[in-house]
Amino acid sequence: MTEPVLAIRDLNVSYGSAQAVQDVSLTVGRGEVLALIGANGAGKSTLFKAVCGMVRARGGTISLNGSRIDTLPASRIVTRGVAMVPEGRRLFRSLSVEENLIIGAQAGRPGPWSLERVYQVFPVLEQRRRQPATSLSGGQQQMVAIGRALMSNPELLLMDELSLGLAPVIIKDIYALLPSILGDGLAAVIVEQDIGRAMKASHRFVCMLEGKVSLTGHSGEFSREQISAAYFGN
Ligand code: ATP
């Protein structure tokens, strides 16, 4: 079997005495999309932050292509090839669309993604490239956040709640673009509140409940009732 791009083993993360992630293990392979689902507070964002080095694991390991990254500072994790599209987008307010995108390239990683390629996928961003990023619509801002992450030519793309605050038609458009974004064999993890959409967009899923994995499998393998029980714990 080929090495997974991301391998998390027995991950534990706490905030003080409160354990947010408990004994979580998962893998994501090249070209694979994993959906991470679970109710508010289940620990999904904390898991993402641990992979990016923004919070430290109390136990367990996180490996990228077989090398441990959980001991590295966040900046080194980016240069190793991990990019996140954060919840709420977190664009640089004083910078233009293009400047926001260029910041993503600071990791200096070679690869297929460039300004030209981002503009090919999201033509509206080229039209707006000199505007302040925050003057764009919510959907366009989300495109900037995705483009900025891609500009680092990642091996692993973590996307936290792409749909947050967007109109259904825009969400549909963004998800429709995902296959062309992920087509180069990127490994991706998506956090998505809409379970139906998460399942449709992914190959496998992991459901978290109160910090632990409550169910995992192939997307589409379980009934709505089974997933709902794993999601809400009833
Ligand atoms: P959401 O969908 O609301 O973002 P989530 O599944 O991403 O939820 P986390 O944000 O990872 O969940 O939260 C997991 C647990 O850790 C929750 O109990 C939350 O209250 C707690 N937590 C998260 N961030 C912090 C923090 N900075 N300090 C203390 N506790 C935190």
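One-based numbering, in listed order, for ligands and for the atoms of each. Fair warning: this is a prediction, and the values are worked out from it, not measured in the lab.
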- What atoms of ligand 1 come closer than 4.0 angstrom to any heavy atom of Ala42? 5 (P), 6 (O), 12 (O)
- Query: Where is the nearest protein heavy atom to atom 2 (O) of ligand 1: which residue, which atom, and how far?
  - Reply: Lys44 NZ, 3.1 Å
- atom 12 (O) of ligand 1 [closest protein heavy-atom partner, distance rounded to 0.1 Å]: Gly43 N, 3.1 Å
- Classify the side-chain pair Tyr175/Glu192 by whether it contains a donor and acceptor separated by less than 3.5 Å. yes
- Item | Note: Arg109-Glu155 ion pair, threshold 4.0 Å (strictly below) | yes
- Under 3.5 Å, is there a donor-acceptor pair between the Ser228 and Glu225 side chains? no
- Using a cut-off of 6.0 Å, state whether more than 12 heavy atoms not belonging to Arg117 lie near its atom CZ. yes
- Among Thr27, Val28, Ile62, whose side-chain contact (heavy atoms from CB on, under 4.5 Å) with Ile8 holds? Ile62
- Would you kindly specify which portion of Ala39 sits under 4.0 Å from ligand 1, judged on non-hydrogen atoms: side chain, backbone, both or neither? backbone
- Message: Counting non-hydrogen protein atoms only, what is the nearest one to atom 23 (C) of ligand 1? Give residue, atom name and distance.
- Response: Tyr15 CE1, 3.4 Å
- Query: Could a heavy atom of Glu161 be found less than 4.0 Å from some atom of ligand 1?
  - Reply: yes
- Quick one: OG1 on Thr134 to CD on Gln140, what's the gap to the nearest 0.5 Å? 12.5 Å
- Query: Considering all protein heavy atoms, does one lie under 4.0 Å from atom 15 (C) of ligand 1?
  - Reply: yes
- Query: Can a donor-acceptor pair be found between the side chains of Ser114 and Tyr119 at a distance below 3.5 Å?
  - Reply: no
- Report the nearest protein non-hydrogen atom to atom 10 (O) of ligand 1: residue, atom name, distance rounded to 0.1 Å. Ser45 CB, 3.8 Å
- Query: Relative to the heavy atoms of Ala20, which atoms of ligand 1 are at a distance of less than 4.0 Å?
  - Reply: 14 (C), 15 (C), 16 (O)
- Looking only at protein heavy atoms, what sits closest to atom 19 (C) of ligand 1 is Gly41 CA, 4.8 Å
- Report yes or no: do Thr61 and Asp10 form a side-chain donor-acceptor pair below 3.5 Å? no
- Message: Using a 4.0 Å cutoff against the non-hydrogen atoms of Gln193, which atoms of ligand 1 qualify?
- Response: 2 (O)
- Task: Indicate whether the side chain of Arg58 and that of Ser14 have a donor and an acceptor atom separated by less than 3.5 Å.
- Result: yes
- Looking only at protein heavy atoms, identify the closest one to atom 9 (P) of ligand 1 and say how far it is in Å. Thr46 OG1, 3.6 Å
- Query: What is the nearest protein non-hydrogen atom to atom 3 (O) of ligand 1, stated with its residue, atom name and distance?
  - Reply: Asn40 OD1, 3.4 Å
